[in-house]
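See structure below.
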Amino acid sequence: MSDTFTSAIPSKSRPEWAKLITGEIQHEFKNYVLQLRIYQIRKDIEHGRTTVEKSLDSLYDLCMKYSLAVRADFKEIFKSW
């Protein structure tokens, strides 16, 4: 992957990722698929089907793949990267 593609979304080390997953950051999503995925991740964690760390990896991969689709939400959540 090129550096340009890698910077399409914020770094996985940013604390906002985990806060999105745990619900510490409340956000009204523009991207419905992202909203549903985060809701499902929260339910899976609540029921012990996954961990925050594993969920972060899968969410990050999804957002990398669809970086243009999540950009509007990320500009509000992460501000800059």
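Scope of the values below: all heavy atoms of this structure, side chains included, with no hydrogens, waters or symmetry mates.
Residues Leu59 and Leu34 have side chains in contact (heavy-atom distance under 4.5 Å, counting atoms from C-beta outward). Put simply, the side chain of Met64 reaches to within 4.5 Å of the side chain of Tyr60, judged on heavy atoms. Between Thr51 and Ile45 the shortest side-chain heavy-atom distance does not fall below 4.5 Å.
Linking Ile, Leu, Val, Met, Phe, Trp and Tyr whenever their side-chain heavy atoms come within less than 4.5 Å leaves Val33 and Phe29 in two separate clusters. Under a hydrophobic-cluster definition in which Ile, Leu, Val, Met, Phe, Trp and Tyr are linked whenever side-chain heavy atoms come within less than 4.5 Å, directly or via other members, Leu20 and Trp81 are assigned to the same cluster.
Interatomic distance, Ile21 CD1 to Ser58 OG, rounded to the nearest 0.5 Å: 7.0 Å. Distance check: Ser55 OG to Ile38 CD1 gives 10.5 Å after rounding to the nearest 0.5 Å. Atom CD of residue Gln40 and atom CD of residue Gln35 lie 13.0 Å apart, to the nearest 0.5 angstrom. Thr50 OG1 to Asp57 CG: the interatomic distance, rounded to the nearest 0.5 Å, is 9.0 Å.
The pair Glu46-Lys43 meets the salt-bridge criterion, with a side-chain N (NZ, NE, NH1 or NH2) lying under 4.0 Å from an Asp/Glu carboxylate O.
When each of Asn31, Asp73, Val70 is tested with Cys63 by the rule side chain to side chain contact (heavy atoms under 4.5 Å, CB included), just one qualifies, namely Val70.
Residue pairs meeting the salt bridge (charged side-chain N to carboxylate O under 4.0 Å, His left out) criterion with at least one partner in residues 24-40, sequence neighbours excluded, are Lys30-Glu76.
Counting non-hydrogen atoms of neighbouring residues, nucleotides and ligands closer than 6.0 angstrom, the NZ atom of Lys12 exceeds 12 such neighbours. Residue-environment remark: CZ (Phe78) exceeds the threshold of 12 foreign heavy atoms within 6.0 Å.
For Pro10 against Phe74, the heavy-atom pair with the smallest separation is CD-CD2, 3.6 Å. Looking at every heavy atom in both residues, Ser67 comes nearest to Ile9 through CB-CG2, 3.6 Å.
Put simply, the side chain of Trp17 gets close to the backbone of Ser11: a donor and an acceptor are under 3.5 Å apart.
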